[in-house]
Chemist: 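Dropping a structure here in structure tokens format, bear with me for questions.
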Amino acid sequence: TTNWNAASADIRGDIAAWKELVTKTSGRRLAYAFLNDKTVGYIYKNELVNALLPGTSFAERLMLEGVEELRLFGLTWLVYDSYYIDPWDGQTKAYIPDNVVIFVPSSPDWSKLQVGQVHYVNDQKEIAKDWGPVSWTEITENPVGATVYVAWCGLAVVTVPNAVVIATVA
């Protein structure tokens with residue numbers, strides 16, 4: 001992998017190599033690339049990308065349009081900037097960290113969704129568990145109010161490991 005942070009990085013070459021590897025080892029074709037806003041910035045400033053699209057720079061076009069999805073090098077690129085709170089340490093963490101791109105095929109057989117149980121306090125103040133999604137309400141008296149919670153416990157499990165590329169690109 002070349003360092004995508006460099007404007008001269010061979011992003012197209014890296015992608016071609018990963019596509020070939022996945023096709024040869026899994027029989028699937030990569031179709032999607034998931035990355036965050038910082039990492040997509042490397043693509044915006046890449047010399048080859050800007051040379052392929054003359055005139056207004058590629059980055060300026062995307063920023064003006066507010067694009068969060070784009071087609072480039074035979075892939076659909078999806079910018080995903082969501083966060084979660086880690087239940088073990090309480091820290092806020094990105095689902096897709098900086099400098100990481102996750103490439104997956106379009107065929108649905110490369111993964112499956114495992115659904116787990118959600119534990120919560122029910123109306124009788126007992127610990128209950130159900131298969132998600134689950135919702136419940138907590139009433140408070142001081143201050144007076146109600147808070148509605150919704151929880152779901154699911155995890156995408158990769159069933160064809162050679163069909164996925166998780167690349168650190170910078």
Chemist: Does E141 CD have over 12 foreign heavy atoms under 6.0 Å away?
Modeler: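 Not buried by this count: 12 neighbours or fewer within 6.0 Å.
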
Chemist: For D81 and D37, indicate whether the former's side chain and the latter's backbone hold a donor-acceptor pair under 3.5 Å.
Modeler: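 Yes, the answer is positive, given that a donor and an acceptor are paired below the 3.5 Å cut-off.
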
Chemist: Could you go through L75 and F103, starting from their C-alpha distance and side-chain angles, then the distance that decides it, and tell me whether this counts as side-chain contact (heavy atoms from CB on, under 4.5 Å)?
Modeler: CA-CA 9 Å; L75 298 170; F103 298 93; 3.6 Å; yes

Chemist: Using the rule that Ile, Leu, Val, Met, Phe, Trp and Tyr join whenever any side-chain heavy atoms are under 4.5 Å apart, tell me whether V169 and I102 fall into a single cluster.
Modeler: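 The answer is no; the residues belong to distinct hydrophobic clusters.
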
Chemist: Could you tell me whether the side chains of K45 and N5 share a donor-acceptor contact shorter than 3.5 Å?
Modeler: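 Side chains of K45 and N5: pair found under 3.5 Å.
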
Chemist: Ring centroid separation for Y84 and Y95, is it under 6.0 angstrom?
Modeler: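 When the ring centroids of Y84 and Y95 are compared, they turn out to be within the sub-6.0 Å range.
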
Chemist: Would you list the atom pairs, donor with acceptor, under 3.5 Å between side chains in residues 6-15 and any protein atom, with sequence neighbours excluded?
Modeler:
unit_1: D10; atom_1: OD1; unit_2: G13; atom_2: N; d: 2.9
unit_1: D14; atom_1: OD2; unit_2: T2; atom_2: N; d: 3.0
unit_1: D14; atom_1: OD2; unit_2: T2; atom_2: OG1; d: 3.0
unit_1: D14; atom_1: OD2; unit_2: W4; atom_2: NE1; d: 2.8

Chemist: Would a single hydrophobic cluster contain both V100 and V164, if residues Ile, Leu, Val, Met, Phe, Trp and Tyr are joined by side-chain heavy-atom contacts under 4.5 Å?
Modeler: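 Yes, because V164 and V100 connect within a single hydrophobic cluster, where side-chain heavy atoms sit under 4.5 Å apart.
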
Chemist: Go through the steps to decide whether N99 and Y42 satisfy the test side chain to side chain donor-acceptor pair (under 3.5 Å), and finish with yes or no.
Modeler: CA-CA 9 Å; N99 307 319; Y42 303 149; 2.4 Å; yes

Chemist: With a 3.5 Å distance limit and no angle check, can you tell me whether T39 reaches the backbone of L35 through a side-chain donor-acceptor pair?
Modeler: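 Not confirmed, T39 side chain does not pair with L35 backbone.
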
Chemist: Can you tell me if CD1 on I139 sees more than 12 non-hydrogen neighbours from other groups inside 6.0 Å?
Modeler: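 Correct, the count exceeds 12.
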
Chemist: Count I, L, V, M, F, W, Y as connected when their side-chain heavy atoms are under 4.5 Å apart, and connections chain through other members. Are W18 and Y32 then in the same cluster?
Modeler: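 Result: no, two separate clusters.
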
Chemist: Where is the tightest heavy-atom contact between V101 and W77, given as atom of each residue plus distance?
Modeler: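 Smallest heavy-atom distance, with atoms named: CG1-CZ3, 4.1 Å.
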
Chemist: So, applying side chain to side chain contact (heavy atoms under 4.5 Å, CB included) with R28, which one of V160, V104, N162, T23 is it?
Modeler: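 That would be V160; it is the only one of V160, V104, N162, T23 passing the side chain to side chain contact (heavy atoms under 4.5 Å, CB included) with R28.
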
Chemist: How about T147 and Y149: do any of their side-chain heavy atoms sit closer than 4.5 Å?
Modeler: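 Yes. Closest side-chain heavy atoms under 4.5 Å.
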
Chemist: Indicate the atoms forming the closest heavy-atom contact of A146 with T137, along with that distance.
Modeler: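 Taking every non-hydrogen atom into account, CB-CG2, 4.0 Å.
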
Chemist: May I ask whether V165 and I96 are part of the same hydrophobic cluster, defined by side-chain heavy atoms of I, L, V, M, F, W, Y residues being less than 4.5 angstrom apart, directly or through others?
Modeler: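 No, it is not one cluster - the side chains of V165 and I96 are not joined through contacts under 4.5 Å.
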
Chemist: Does L21, at its CG atom, have more than 12 non-hydrogen atoms belonging to other residues, nucleotides or ligands within less than 6.0 Å?
Modeler: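 More than 12 heavy atoms, drawn from other residues, nucleotides or ligands, come within 6.0 Å of this atom.
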
